[in-house]
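Step one of this worksheet: look at the structure below.
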Amino acid sequence: MSVDKSVASAAEAVADIPDGASLAVGGFGLSGNPIQLIEALLDQGAGDLTIASNNAGVDGWGLGRLLERGRIRKMISSYVGENKEFARQYLEGELELELVPQGTLAEKLRAGGAGIPAFYTRAGVGTPVADGGIPTKYDSQGNVLEESGPKEVRPFRSPDGQVVGYVLEESIVADFSLVHAARGDRHGNLVFNKAARQFSPPAAMAGRVCIAQVEELVEPGEIDPDAVHLPGIYVHRILEVGTDIDKPIEKRTVRTPAEEAR
């Protein structure tokens, strides 16, 4: 029996995301931002959202579009440095923030999708990540209202044979996930492009309902099984957005002809 997971529009894809939902959103910087789904969610109106994503886009793009409209209550992120509105909302008490080391965030998402409720990692041991004390919410005057608490640390034997501490990190399972892929088929099998492959597969795995936008939608069997980065078992809805979509560059770096010749 053929299973066709394709939907006709971005509006249809995100129609049932309610106020207060938790979302895992793919993308690394501006690579792989599911912008058509984000714009549709903006039009749909859902708010009070909790979003797990490596970053929140930039001002005016990606998740920054939801931020500037006040739709996000809490971000679970590892990097916030390129978004002035993100920093303003956090420091003025409008946004709750849970800071997570980058690799730990990727594993929290992947483990959530794999059915692993928690895991131990060396990342963060001996820092406020494990000991607590990172501000999670300020008031409008810049005073700390809430901060992270301490996490369990247990000794384990490391790969080099030393007994060292590992911190317990709980996995992330979200109500929905939104991701962008270069190619997908109607069964939901996805292929990501370069840096978009960083957080998009684990974000997709973490969602109870995964919604994927793809530049090219093909028929089942047209993607070599060895080329599939994320199997369709994790994907519930798939939308073709075309290849002519905007793909802004976060920071353009160029080399002079003299540098090219070196």
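When a residue number appears, it is its place in the shown sequence, counting from 1.
- If you chain together hydrophobic residues whose side chains sit under 4.5 Å apart, L239 and V218 never meet in one group.
- Using a 4.5 Å heavy-atom threshold, the side chains of R88 and L67 count as separate.
- No side-chain heavy atom of L97 sits under 4.5 Å from any side-chain heavy atom of Q89.
- Every pair passing ring-ring contact (aromatic ring centres under 6.0 Å, His included) that includes a residue from residues 58-105 is listed here, sequence neighbours excluded: Y90-Y138.
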- Message: With side chain to side chain contact (heavy atoms under 4.5 Å, CB included) as the criterion, how do K151 and L168 come out once you've worked through the C-alpha distance, each side chain's angles and the decisive distance to 0.1 Å?
- Response: CA-CA 6 Å; K151 299 174 182 177; L168 181 68; 5.6 Å; no
- Could you check R71 against L42 for side chain to side chain contact (heavy atoms under 4.5 Å, CB included), going step by step and ending with a plain yes or no? CA-CA 8 Å; R71 300 289 182 78; L42 195 65; 4.1 Å; yes
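- A donor-acceptor contact shorter than 3.5 Å links the side chain of N55 to the backbone of G29.
- Tracing side-chain contacts under 4.5 Å through hydrophobic residues (I, L, V, M, F, W, Y), one reaches F176 starting from L49; they form part of the same cluster.
- Using a distance-only test at 3.5 Å, with no hydrogens or angles considered, no donor-acceptor pair links the side chain of T104 to the main chain of V100.
- Residues H180 and Q36 bring no donor and acceptor atom of their side chains to less than 3.5 Å of each other.
- Hydrophobic clustering (ILVMFWY, side-chain heavy atoms < 4.5 Å, transitive): Y166 and I116 are in distinct clusters.
- For E39, the salt bridge (Lys or Arg N to Asp or Glu O under 4.0 Å) partners are R65, not counting sequence neighbours.
- Inter-residue side-chain proximity for N54 and Q102 is flagged as met; some heavy-atom pair is nearer than 4.5 Å.
- In this structure, the side chain of S140 does not engage the main chain of G93 through any donor-acceptor pair within 3.5 Å.
- No side-chain donor-acceptor contact under 3.5 Å links E92 to the backbone of E94.
- Within a 6.0 Å radius of CD in E170, other residues, nucleotides and ligands contribute 12 heavy atoms or fewer.
- V173 and F119 sit in two unconnected hydrophobic clusters of ILVMFWY residues. Membership requires side-chain heavy atoms under 4.5 Å apart, directly or through other members.
- Across every non-hydrogen atom of E98 and K108, the tightest pair is OE2-NZ, 4.5 Å.
- Between R183 and E216, at least one side-chain nitrogen of the basic residue sits less than 4.0 Å from a carboxylate oxygen of the acidic one, meeting the salt-bridge criterion.
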Enumerate, atom names and distances included, each donor-acceptor pair closer than 3.5 Å involving a side-chain atom of residues 225-234, sequence neighbours excluded.
{"from": "H229", "atom 1": "ND1", "to": "F192", "atom 2": "N", "distance (Å)": "2.9"}
{"from": "H229", "atom 1": "ND1", "to": "F192", "atom 2": "O", "distance (Å)": "3.4"}
{"from": "H229", "atom 1": "NE2", "to": "R197", "atom 2": "NH1", "distance (Å)": "3.3"}

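- The shortest heavy-atom contact between A56 and M75 is CB-CE, 4.0 Å.
- Summarising the geometry of I238 relative to D185, their closest heavy-atom pair is CD1-O, 3.4 Å, with the distance given to 0.1 Å.
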- Task: Check the pair E219, R186 against salt bridge (charged side-chain N to carboxylate O under 4.0 Å, His left out), reporting the backbone distance first and the verdict last.
- Result: CA-CA 6 Å; E219 297 303 320; R186 295 182 186 276; 2.9 Å; yes
Below 3.5 Å, can you tabulate the donor-acceptor pairs from side chains in residues 14-28 to any protein atom, sequence neighbours excluded?
{"from": "D16", "atom 1": "OD1", "to": "R237", "atom 2": "NH1", "distance (Å)": "2.9"}
{"from": "D16", "atom 1": "OD1", "to": "R237", "atom 2": "NH2", "distance (Å)": "3.4"}
{"from": "D16", "atom 1": "OD2", "to": "R237", "atom 2": "NH2", "distance (Å)": "2.7"}
{"from": "D19", "atom 1": "OD1", "to": "G47", "atom 2": "N", "distance (Å)": "2.9"}
{"from": "S22", "atom 1": "OG", "to": "D175", "atom 2": "N", "distance (Å)": "2.9"}
{"from": "S22", "atom 1": "OG", "to": "D175", "atom 2": "OD2", "distance (Å)": "3.2"}

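- Here the shortest heavy-atom pairing between A40 and A11 reads CB-N, 4.0 Å.
- Residues L178 and Q213 form no side-chain contact, since every pair of their non-hydrogen atoms from C-beta on lies 4.5 Å or further apart.
- In this structure the side chain of P34 never reaches within 4.5 angstrom of the side chain of V179, judged on heavy atoms.
- Side-chain contact between V125 and V164 is absent, with no heavy atoms from C-beta onward closer than 4.5 Å.
- In this structure, the side chains of I172 and I76 come closer than 4.5 Å at one or more pairs of heavy atoms.
- Between V129 and I134 the shortest side-chain heavy-atom distance falls below 4.5 Å.
- Following chains of ILVMFWY side-chain contacts shorter than 4.5 Å, one cannot reach I38 starting from V214, and the two form parts of different hydrophobic clusters.
- Of all heavy-atom pairs between I72 and L63, the closest is CD1-O, 4.0 Å.
- Of all heavy-atom pairs between V167 and A130, the closest is CG2-CB, 3.8 Å.
- Side chain of K5 to backbone of H187: a donor-acceptor contact under 3.5 angstrom is found.
- Distance alone, capped at 3.5 Å, is enough to place a donor-acceptor pair between the S77 side chain and the S53 backbone.
- The side-chain hydrogen bond (donor to acceptor under 3.5 Å, both in side chains) check on K84 picks up nothing, with sequence neighbours excluded.
- Evaluation of the side-chain hydrogen bond (donor to acceptor under 3.5 Å, both in side chains) test over residues 111-129, restricted to residues two or more places apart or in two chains, returns Y120-E152.
- A distance of 10.5 Å separates OG1 of T136 from CG of L95, quoted to the nearest 0.5 Å.
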- Task: Evaluate side chain to side chain contact (heavy atoms under 4.5 Å, CB included) for T50 paired with R73, printing each intermediate quantity in order.
- Result: CA-CA 6 Å; T50 296; R73 180 186 66 82; 3.0 Å; yes
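- Between the side chain of K247 and the main chain of S31, no donor-acceptor pair closer than 3.5 Å is present.
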